[in-house]
Amino acid sequence: MAVTRLGRQALASLPDGTGPLVAPGDARAGIVHLGLGAFHRAHQAVYTERAMAAAGGDWGIVAVAPRSRSLVDAIGAQDGLFTVSTLSGEGAHTKVCGAITATRHLPTDPAGIVGLIADPAIGVVTLTVTEKAHRLDPVDGSLVADADLLAELAGTAAPLTIPGLLARSLIARARTRAPIAVVSCDNLPGNGKRLRGMVFQALALSNADEETIGWIDANVAFPATAVDRIVPASTPETYRRVTDSLGVEDLGAVDAEPYIQWVLQDHFPAGRPDWAAAGAVLTDDVTPWEDLKLRTLNGVHSTLAYLGALAGRRTIAETLAMPGMAALMRRFIAEDIAPGLRPPPGVSVVDYGEEVLERFANPAIAHRTLQIAMDGSQKLPQRILRTITERRSDGARPALGALSVAAWIRFAAGTADDGTALDLDDPYAPAIRAALASANGSPEDAVAAVFGLRQVFPPELADDGELRDLVAGWLGELARHGAADLVKGLS
């Protein structure tokens, strides 16, 4: 029997309590979002819908896909509606979200999207894109500009990259003299400052005059944020769940854990939704929240992903259930992460870490180890190496941080402990493989070669012989015993 597709016409048939808080057409567009991925749909869109329901305002989201158009078409055909299923050990609750007013596809309409961002009716641009989409060198933060990007910035080619699109859009925005906030929601330290630096490096390479750049400097804000919610990749079960519970088909469905958090620096010159009414934290300084999340939650997440993938575990929950793993992660948090962190007032790093481990153990969240392990060269500097740098500056030996690095190196070598091939999905995969291939097979040579990757390791760590020896020792132990037995033996 045919199932009705989710859309405006299907709302009347939904079970009580599952419809959107804001229906299509209730609010005009006030936000452009770049990156129509699962995280945005389960996080910022949820907060924005709640904010509009609580306090009103025309803050509907125009969601832009920078590459693939499959979600643009799917959600567009559903009048911007999609579902979020909140999963816990007690079951699932599926609800429709109505925050998206329209979807757009950057590759087929770059000029239209530049015009949209320039429109004074838009007060906020948000982004959830990958670290590599910023085109910034992960070590020194400089913009990596190839000929195609330079053509975008000069206005001789359509703006199809994030730096090109934002630079061209803000140049057009300057003609309207309407201020705006551009908000990174990516898991990066100093994400607001980092995004601003990328934009102004791009503007310096563009054909914008000094007056235009000066106006942008004075009237465009780049608030920092910290975001948190575990959103696994959608699976066939995700879509079946919607059909079973709501009786409709949703090709934009996402799953998420119950926990959700958003911390924002409150600097929005053109206004914003009342996100505080939706439960977000508005503050002057996001840094303590950001560091807490990046180095505790994300640092442990990546460590579990590498060790779990090596041990043949499919999900983070399965990895955490390995004998000795939970105890090892508690030690990692207490011994290596907590001593170098300045948490938000009233927050204990160890207690926060305990909450993180409880979330990771949620059996309903099938967060794949290989999904978390991808793009390791981009994630390792923020999630693990900053912790190691802090501890080394204090003269400490961050043993479990070094184990995390060793697990990444062994993962990057491409073979799990049982001989299964591991795919290295990383923008620097060729350089990483070349470095490992240059080693003669000894852990010491492998570590020395990988630590020479300027794209990943800063000089103060690359030249740290004691740290290299520590990582090499763990790499040898992983090779001899395998991740599962090594972790069990450490408990």
Are the side chain of Asp426 and the backbone N or O of Gly376 linked by a donor-acceptor pair below 3.5 Å?
yes
Any side-chain heavy-atom pair of Ile316 and Thr369 under 4.5 Å
yes
Let me confirm one number: the CD-CZ distance from Glu318 to Phe360, rounded to the nearest 0.5 Å.
15.0 Å
Counting only N and O atoms by type, is there a donor-acceptor contact under 3.5 Å from the side chain of Asn191 to the main-chain atoms of Ala226?
no
Within the distance-only criterion (no hydrogens, no angle test), does the side chain of Glu49 pair as donor or acceptor with the backbone N or O of Leu21 below 3.5 angstrom?
yes
Thr101 vs Val62 side-chain heavy atoms within contact, under 4.5 Å:
yes
Side chains of Phe268 and Val183 in contact at under 4.5 Å (non-hydrogen atoms)
yes
Looking just at side-chain N and O atoms, do Lys293 and Asn187 make a donor-acceptor pair shorter than 3.5 Å?
yes
I would like to know whether Leu205 and Leu149 meet side chain to side chain contact (heavy atoms under 4.5 Å, CB included); could you show each step before the answer?
CA-CA 10 Å; Leu205 296 171; Leu149 176 56; over 6 Å; no
Hey, is the main chain of Ser70 close enough, under 3.5 Å, to the side chain of His105 for a donor-acceptor pair?
no
Between Asp423 and Leu370, is there a side-chain heavy-atom distance shorter than 4.5 Å?
no
So with a 6.0 Å cut-off around CG of Asp284, is the heavy-atom count from everything else above 12?
no
Any side-chain heavy-atom pair of Val199 and Val220 under 4.5 Å:
no
Pair Ser85-Arg241, side chain to side chain donor-acceptor pair (under 3.5 Å): steps then yes or no:
CA-CA 8 Å; Ser85 292; Arg241 185 181 297 110; 4.5 Å; no
Has Thr156 got a side-chain atom pairing as donor or acceptor with Ala151's backbone, closer than 3.5 angstrom?
yes
Just wondering, do Thr48 and Thr126 contact through their side chains at under 4.5 Å, heavy atoms?
no
Pairs where residues 197-213 contributes a residue and the test salt bridge (charged side-chain N to carboxylate O under 4.0 Å, His left out) is met, not counting sequence neighbours
Arg177-Glu211
Glu460 side, atom CD; Ile388 side, atom CD1 - distance, nearest 0.5 Å
11.5 Å
Smallest heavy-atom separation, Leu385 atom then Pro458 atom, equals CD1-CD, 4.2 Å
Within a strict 4.5 Å, meaning less than it, do heavy atoms of the Phe222 and Gln265 side chains meet?
no
Can you name the nearest heavy-atom pair linking Ala42 to Val254, along with the distance?
CB-CG2, 4.1 Å
Checking the side chain of Glu290 only, and the main-chain atoms of Gly190 only, is there a donor and an acceptor separated by less than 3.5 Å?
yes
Counting C-beta onward and ignoring hydrogens, is there a side-chain heavy-atom pair between Leu264 and Val286 closer than 4.5 Å?
no
Indicate yes or no for a side-chain donor-acceptor contact from Arg168 to the backbone of Leu153 under 3.5 Å, with no hydrogens or angles considered.
yes
Apply side chain to side chain contact (heavy atoms under 4.5 Å, CB included) to residues Met52 and Asp26 and explain how you reach the verdict.
CA-CA 10 Å; Met52 288 191 289; Asp26 283 0; over 6 Å; no
Kindly assign one of parallel, tilted or perpendicular to the pair His43 and Trp262, based on the angle between their ring planes and the thresholds 30° and 60°.
perpendicular
Can you confirm whether more than 12 heavy atoms, excluding those of Glu358, are under 6.0 Å from its CD atom?
no
Between CZ of Phe332 and OG1 of Thr296, what distance do you get to the nearest 0.5 Å?
9.0 Å
Contact summary for Gly57 and Ala27, nearest pair of heavy atoms
O-CB, 4.0 Å
Atom CZ of Arg104 and atom CG of Asp109: how far apart are they, to the nearest 0.5 Å?
5.0 Å
Distance-minimising heavy-atom pair for Pro189 and Gln382:
CD-CG, 2.8 Å
Backbone of Leu251 reached by a side-chain donor or acceptor of Gln78 within 3.5 Å
yes
Thr161 and Glu152: side-chain donor and acceptor closer than 3.5 Å?
yes
Can you give me the closest heavy-atom contact between Ser404 and Thr303, atom names plus distance?
OG-OG1, 2.8 Å
Side-chain donor/acceptor of Thr243 to backbone N/O of Val248, under 3.5 Å:
yes
Nearest 0.5 angstrom please: Ile61 CD1 to Ile31 CD1, how far?
5.0 Å
Walk me through it: do Arg175 and Ile171 pass the test side chain to side chain contact (heavy atoms under 4.5 Å, CB included)?
CA-CA 7 Å; Arg175 301 187 193 106; Ile171 291 169; 4.0 Å; yes
Would Trp289 and Asp228 satisfy side chain to side chain contact (heavy atoms under 4.5 Å, CB included), going step by step from the backbone distance to the final call?
CA-CA 10 Å; Trp289 299 93; Asp228 194 1; over 6 Å; no
Looking only at heavy atoms, which two atoms of Ala118 and Thr176 are closest? And how far apart?
O-CG2, 3.3 Å
Any salt bridge (charged side-chain N to carboxylate O under 4.0 Å, His left out) pairs touching residues 361-378, not counting sequence neighbours?
Lys132-Asp375
Does the side chain of Thr86 come under 3.5 Å of the side chain of His93 through a donor N or O and an acceptor N or O?
no
Measure the spacing between CG of Asp250 and OG1 of Thr238 and express it to the nearest 0.5 Å.
10.0 Å
Does any N or O in the side chain of Gln44 come within less than 3.5 Å of the main-chain N or O of Cys185, such that one atom is a donor and the other an acceptor?
no
Salt bridge (charged side-chain N to carboxylate O under 4.0 Å, His left out) pairs touching residues 77-98, sequence neighbours excluded, are Arg8-Asp79
